[in-house]
Amino acid sequence: MVRLGLITGFIALIGVLVSGLAAYRVHDQELTVDGIALARAIDVHASLVQDRLTERELLARVASGLFRSPSVIKANMLQPLHSSIYAFKTDFVVAGWIARLRPEEFAAARTELSNAGFPNPTIRAYNDVPLQTSTLAQPVDLLMDVEPRNAETMDFPGRAFDQHPILGPMLARAMSEMKPVASDPLPLLREDGPIGLVLAAPVLQADGAHLAGFVTFSYELAPLMLANDDLSLFSVALKDPRIDDNELVETDRGNVVSRSLGLSSPAPAMSRTVSFGGRDWTLTYYAKTNAMNRARQTAAIVAAIGIALTTIICGLFGYVAYNNLRMSREIQVRIGFERRLTAVIDELNHRVKNILAVIQSIVTRTLRHGADIDVARELLIGRIHAMSNVVSLLSESQWQGVTLKGLFEARAIPHAERIAVSGPDITVSARAAQSLSLLFFELASHSDEGLSLVGKHPHIVAHWEIIGDDSESVFHFRWEEFNTSAATRRADSDFGLILLDRVAPEALGGTSKRYFTDVSYVYELTAPMDTVIDMSERDRTEQFSAPLKPVR
């Protein structure tokens with residue numbers, strides 16, 4: 001009996017040790033798995049929010065770039081953009097045209113607002129108080145048109161927003177920096193309306209030196225940054241830029257409210273920063289479940305099972321149960337990651353649809369009234385072919401970028417066999433590839449006259465180089481067409497000029513210039529390498545496509 005007791009005690013001791021070890025491993029594994037799942041879910045959500053913000057900022061840039069010689073006193077400036085902005089994205093609350101008018105232009109503005117059918121053409125402040133023209137000496141930012149026009153928005157035109165406590169500083173900064181700027185959070189449409197943001201893009205007059213006004217788009221904050229799945233592992237909040245230690249959250253009813261953070265407030269699990277309208281916005285994430293408590297509960301269950309089992313068979317059973325539990329958690333993590341990866345792919349497909357919407361804008365601009373139908377058809381087919389080619393290249397690389405030399409393939413660039421291409425073999429980001437593909441097509445499609453002067457030798461030289469060290473390197477591209485002049489070279493189209501001089505340089509954060517020498521036509525583009533390569537975008541894509549590491 002003593003020996004049996006010793007054996008039983010020894011077996012029980014082994015069972016306790018094995019149970020304790022299993023409980024410790026389960027506790028550690030639960031924390032690790034929950035941390036990995038939460039981190040991956042947060043990264044996917046932050047990436048989707050950033051892509052959503054980038055698309056809406058691109059809409060503002062495209063809308064401002066499509067304005068040509070705007071008459072600032074017109075009250076229907078948004079009508080030519082109606083099909084383009086609605087095809088690109090339809091989730092904005094209100095789109096507006098804010099003209100920068102001098103006091104002597106108020107009378108013409110009132111007449112224009114009245115003729116356009118707006119019920120209150122009086123020139124007034126943002127709080128609906130009429131302005132005294134005699135007391136004004138500086139230009140005023142006056143709302144002249146809105147989309148959509150309905151009972152809630154028809155009363156807005158005629159109001160001046162340069163003295164608005166939130167919109168006024170936003171317009172001043174957009175005018176100073178000459179790029180899209182986002183406002184602080186504010187109620188939209190009315191004082192008790194949904195909380196949202198306003199994005200203002202400056203529009204230059206035809207001379208390119210004076211400000212004509214602003215194109216504005218307002219978005220609700222909840223679907224823009226705070227939208228989240230009810231089944232997700234976390235809840236998301238936005239740090240309020242107006243008040244320290246406050247954050248904006250979405251309620252169960254879909255409303256956005258502000259809450260104060262105190263010493264008793266729960267600590268966020270993680271935070272991520274996204275950029276929109278020239279500003280950084282901080283998203284904070286809170287885990288919906290307490291991983292530590294759940295890990296302790298799971299470990300206690302395993303320990304109880306191990307202590308209850310006093311034989312080797314029970315110990316082996318506990319060990320097998322532990323392994324099964326580990327495998328089950330690993331499978332759940334893999335399934336969850338595959339679902340998130342599917343969501344990223346859906347977002348990628350959505351991005352391709354948005355590219356098609358940009359192509360629709362290209363069609364609208366190319367086939368404008370008065371354009372030569374043969375030339376317009378040739379340019380339209382070429383531009384669409386260029387966009388299709390770059391999308392195909394990006395799809396082949398899983399949207400991790402394409403080589404710059406690959407953009408000069410004969411199937412996309414006219415007369416590619418006559419272009420002498422030279423430069424380091426670099427891979428540009430997806431965003432840069434789309435802009436550069438259209439840029440190369442526009443340059444090549446307008447060199448037909450000069451090409452007829454040359455035989456088999458290359459007539460066009462496309463060269464790029466990287467200048468500077470890694471931290472401040474600059475990408476410099478030079479396109480030179482020899483044996484051509486202003487008289488022989490086909491004139492650039494209106495869309496081409498906008499693309500060469502504004503859209504492509506602004507998309508890459510650089511500058512451009514074009515000119516004729518005695519023997520050639522030259523176009524040069526300079527941009528920071530950070531925007532041309534955009535490693536953050538590539539790292540994010542590689543992270544999504546990387547296989548899930550096995551749980552230990």
Side-chain angles (χ1 to χ4, degrees), residues 59-60 62-86 92-164 167-168 170-172 174-175 178 180 188-190 198-218 364-365 368-370 494 498:
L59 168 62
V62 171
S64 63
L66 291 178
F67 275 82
R68 176 172 174 80
S69 300
S71 173
V72 297
I73 313 182
K74 293 182 64 178
N76 58 350
M77 290 297 294
L78 296 178
Q79 289 184 3
L81 300 178
H82 187 276
S83 61
S84 299
I85 61 179
Y86 276 96
F92 60 84
V93 179
V94 178
W97 163 245
I98 299 179
R100 191 163 181 80
L101 301 182
R102 298 185 301 274
E104 57 268 22
E105 297 174 320
F106 285 178
R110 283 194 296 269
T111 302
E112 183 68 20
L113 290 172
S114 178
N115 293 338
F118 293 110
N120 188 1
T122 303
I123 308 302
R124 56 203 188 279
Y126 69 92
N127 55 2
D128 229 17
V129 176
L131 291 178
Q132 298 297 328
T133 307
S134 58
T135 62
L136 298 176
Q138 299 295 329
V140 173
D141 297 326
L142 190 67
L143 181 63
M144 292 294 294
D145 194 10
V146 292
E147 281 288 344
R149 295 185 180 184
N150 53 41
E152 200 167 17
T153 62
M154 287 291 286
D155 190 54
F156 291 161
R159 298 185 182 185
F161 289 96
D162 51 329
Q163 298 299 321
H164 192 281
L167 300 182
M170 174 198 65
L171 297 177
M175 179 175 61
M178 295 308 296
L188 301 178
L189 298 177
R190 57 191 181 276
V198 178
L199 182 66
V203 177
L204 296 177
Q205 293 184 0
D207 56 10
H210 296 87
L211 183 70
F214 308 88
V215 178
T216 64
F217 294 91
S218 59
T364 303
R365 188 68 185 178
R368 69 190 189 284
H369 294 296
D494 294 342
I498 294 176

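Start at 1 with the first residue, then count along the sequence. Bear in mind the structure is a predicted one, so any value in this text is a computation, not a measurement. All values below were derived from every heavy atom in this structure, side-chain atoms included, with hydrogens, water molecules and symmetry-related copies excluded.
In this structure, the separation between CG on Leu113 and CG on Asp145 is 9.0 Å, given to the nearest 0.5 Å. Summarising the geometry, atom CG belonging to Asn150 is positioned 8.0 Å from atom CG belonging to Leu189; distances are rounded to the nearest 0.5 Å. To the nearest 0.5 Å, the span separating CD on Glu112 from CG on Asn76 amounts to 6.0 Å. Taking CD1 of Ile123 as the start and CG of Leu101 as the end, the distance is 7.5 Å to the nearest 0.5 Å. Taking CG of Leu171 as the start and CD1 of Ile98 as the end, the distance is 5.0 Å to the nearest 0.5 Å. Atom OG1 in Thr216 sits 11.5 Å away from atom CD in Glu147 (nearest 0.5 Å).
Arg159 has its side chain out of reach of His164: every pair of non-hydrogen atoms, C-beta onward, lies at least 4.5 Å apart. Using a 4.5 Å cut-off on side-chain heavy atoms (C-beta onward), Asp141 and Arg100 make contact. Side-chain atoms of Val146 and Pro157, non-hydrogen and from C-beta on, do get closer than 4.5 Å to each other. Taking 4.5 Å as the limit, every side-chain heavy atom of Phe214 sits out of range of all side-chain heavy atoms of Val203. Here the side chains of Leu204 and Met178 are in contact, with some heavy-atom distance below 4.5 Å.
Nearest heavy-atom pair across Ser218 and Val198 is CB-CG2, 4.0 Å. Across all non-hydrogen atoms, the minimal contact from Val93 to Pro148 is O-CD, 3.6 Å. In terms of heavy atoms, Ala174 sits closest to Ala200 at CB-O, 4.1 Å. Of all the heavy atoms in Pro202 and Ser64, the pair that sits closest is O-CB, 3.6 Å. In terms of heavy atoms, Met154 sits closest to Phe118 at O-CD2, 3.5 Å. Across all non-hydrogen atoms, the minimal contact from Pro180 to Leu199 is CB-CD1, 4.1 Å.
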- Evaluate the side chain to side chain contact (heavy atoms under 4.5 Å, CB included) criterion for residues Trp97 and Val215: first the C-alpha distance (whole Å), next the side-chain angles of each, then the deciding distance (0.1 Å), finally the verdict. CA-CA 5 Å; Trp97 163 245; Val215 178; 4.1 Å; yes
- Message: Checking Val94 against Leu188 for the side chain to side chain contact (heavy atoms under 4.5 Å, CB included) test, could you report, in this order, the C-alpha distance in whole Å, the side-chain angles of both residues, the deciding distance, and whether it holds?
- Response: CA-CA 9 Å; Val94 178; Leu188 301 178; over 6 Å; no
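Glu152 CD: more than 12 foreign heavy atoms inside a 6.0 Å radius. For Gln138, the CD atom counts as loosely surrounded, since its 6.0 Å shell holds 12 or fewer non-hydrogen atoms of other residues, nucleotides or ligands.
Ser114 places no side-chain N or O within donor-acceptor distance of the main-chain N or O of Arg110, the cut-off being under 3.5 Å. Checked by atom type and distance alone, the side chain of Thr122 never pairs as donor or acceptor with a backbone atom of Gly158 at under 3.5 Å.
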